[in-house]
Amino acid sequence: MATVKSEFLNTLIERGFVHQCTDMDALDARLGKGVAAGYIGFDCTANSLHVGSLVPIMLLRHLQKSGHKPIVLMGGGTTKVGDPSGKDESRQLLSESVIADNKAGIQKIFDRFLSFGSGAADAIMLDNAEWLDQLNYISFLRDYGRHFSVNRMLGFDSVKLRLEREQPLSFLEFNYMILQAYDFLELARRHDCCLQMGGSDQWGNIVNGVELTRRVIEREVFGLTSPLITTASGEKMGKTARGAVWLSEDRLAPYDYWQFWRNTQDADAGRFLRLFTELPLAEIARLEKLAGAEINEAKKVLALEATTLVHGKTAAEAAADTARKTFEEGALGEDLPVVTIDGPEGLPVIVSITDAGFAKSRSEARRLIEGGAVQLNGEKITDVNFVIRPQKDEGRLTVGKKKIARIVTK
């Protein structure tokens, strides 16, 4: 990796955030000349972001901490189109009211990571609907469409993937990369933005924006991508049996978020500490040298620090305390998932497993029971028709070694 002078790029390189950059030396020089504005776009496809968005969020946070200006670009306009990058099929089109609700949910998350205001290095949040909704289609095609080669667009991974798998790619989605490039041009015009960042799957879209801005307003701007984060076993980071790991407590409790990080594979602990916490690198180097059972201490630190960033110190410490009581003292912590028996007839154990979020379906819960993975108050349950009785069977539902819920009677 190139030797750089700017604090921002040094931090990114040391912590493992950099995959590609359009011109590292020129970007480094620009960062040394004063406050630089950089942006990342977030489409409003759900009312929360998940851990897959943590790397771009941390990029913006490091940008601000090194004295530069983060721009959070909400995709109120592009969400109406749908980004085909990394997708095998068309994204479901959302109504404007749903997009607005999703945008409101996502905005809350950024307040925990960035400082917003009117100062030179204060973050700002914009919505590309502000300019995309006003476009005149014919004028847009004449002014900007002529800068894009269809031959080249067909070569981008986001398009090739669909075509090679014979999956439909709508003309609407095909336009997405032009709209994203236009976003960069507008931000350069309106806010002197000189940097777009994103995941490695966005490289083609980012390069388009860099080139469009250079051609239309003759301004030098830059693109930087981060690597796709996978686990040591090669799986995409953030995918679990229970689905996406959401950043909003409305969709995932802080305790479950803490547990996600605590269950990190040993080999990933050091890398994830560099990416998803702000611990000093020397401390991370010490933690990742721990071996055997001691590596669990590093993973507890990772869980505490990562949860603190998203949910705050109080919630993170409460989650850690619940885990300690549950796994080290055998008690039932208050933050554990709760399954309620609502009625004198009791609750089928197969239902309790899905209610706790330990299985996506009853058929999956059945397999867990038949495989001997389920215990109720320390007793293994092998009968898929077993019914948990009110009051008498209250206590601890365990699935595997790490999934524990409290059974209570309403």
- Message: Let me confirm one number: the CD-OG distance from Gln20 to Ser200, rounded to the nearest 0.5 Å.
- Response: 7.5 Å
- N-O pairing of Glu186 and Arg189 below 4.0 Å: yes
- Note on the structure: Separation between CD1 (Ile71) and CG (Leu73), nearest 0.5 Å, reads 8.0 Å
- Could you grab the distance from atom CD of Glu364 to atom CG of Leu368, nearest 0.5 Å is fine? 5.5 Å
- Query: When Asp183 is tested against each of Thr78, Asn205, Asn128 for side chain to side chain donor-acceptor pair (under 3.5 Å), which residue passes?
  - Reply: Asn128
- Message: Run the side-chain contact (heavy atoms from CB on, under 4.5 Å) test against Gln265 and tell me which residues pass, sequence neighbours left out.
- Response: Thr231, Ala232, Ser233, Asp268
- Message: Between Arg30 and Glu220, does any NZ, NE, NH1 or NH2 come within less than 4.0 Å of an OD or OE carboxylate oxygen?
- Response: no
- Message: Angle between ring planes, Trp261 versus Phe276, binned at 30° and 60°: parallel, tilted or perpendicular?
- Response: tilted
- Under a 4.5 Å cut-off applied to non-hydrogen side-chain atoms, are Phe17 and Leu224 in contact? no
- Message: Donor-acceptor check, side chain of Lys69 to backbone of Asp122, threshold 3.5 angstrom: yes or no?
- Response: yes
- Task: With the side chain counted from C-beta on, respond yes when Leu212 and Phe184 share a heavy-atom pair under 4.5 Å apart, and no when they do not.
- Result: no
- Message: Could you check whether any side-chain heavy atom of Met58 comes within less than 4.5 Å of a side-chain heavy atom of Leu309, counting everything from C-beta outward?
- Response: yes
- Message: Side chains of Ser48 and Ile109, heavy atoms from C-beta outward: is any pair under 4.5 Å?
- Response: yes
- Decide yes or no for Leu247 and Ile57: does some side-chain heavy atom of the first lie under 4.5 Å from some side-chain heavy atom of the second? yes
- Report yes or no: does Arg274 contribute a side-chain atom to a donor-acceptor pair with the main-chain N or O of Gly16 at less than 3.5 Å? no
- Verify the ring-centre separation between His191 and Tyr39: is it less than 6.0 angstrom? no
- Message: Using modelled atom types and a 3.5 Å cut-off, is there a donor and acceptor pairing between side-chain atoms of Arg61 and backbone atoms of Phe113?
- Response: yes
- Are Ile353 and Ile369 close enough that some pair of their side-chain heavy atoms sits under 4.5 Å apart? yes
- Contact check, side chains of Leu60 and Met197, non-hydrogen atoms, under 4.5 Å: yes
- Task: May I ask you to say whether Glu370 pairs ionically with Arg367, meaning some side-chain N is under 4.0 Å from a carboxylate O?
- Result: no
- Item | Polar side-chain atom of Asp43 near backbone of Thr45 as donor-acceptor pair, under 3.5 Å | no
- Basic-acidic side-chain contact under 4.0 Å: Lys300, Glu297: yes
- Message: When you compare the side chains of Gln196 and Gln202, does any donor N or O come within less than 3.5 Å of an acceptor on the partner?
- Response: no
- Donor-acceptor contact below 3.5 Å, side chain Lys299 vs main chain Thr264: yes
- Message: Between Asp111 and Lys108, is the salt bridge (Lys or Arg N to Asp or Glu O under 4.0 Å) condition met? List the steps.
- Response: CA-CA 6 Å; Asp111 289 335; Lys108 297 176 185 176; over 6 Å; no
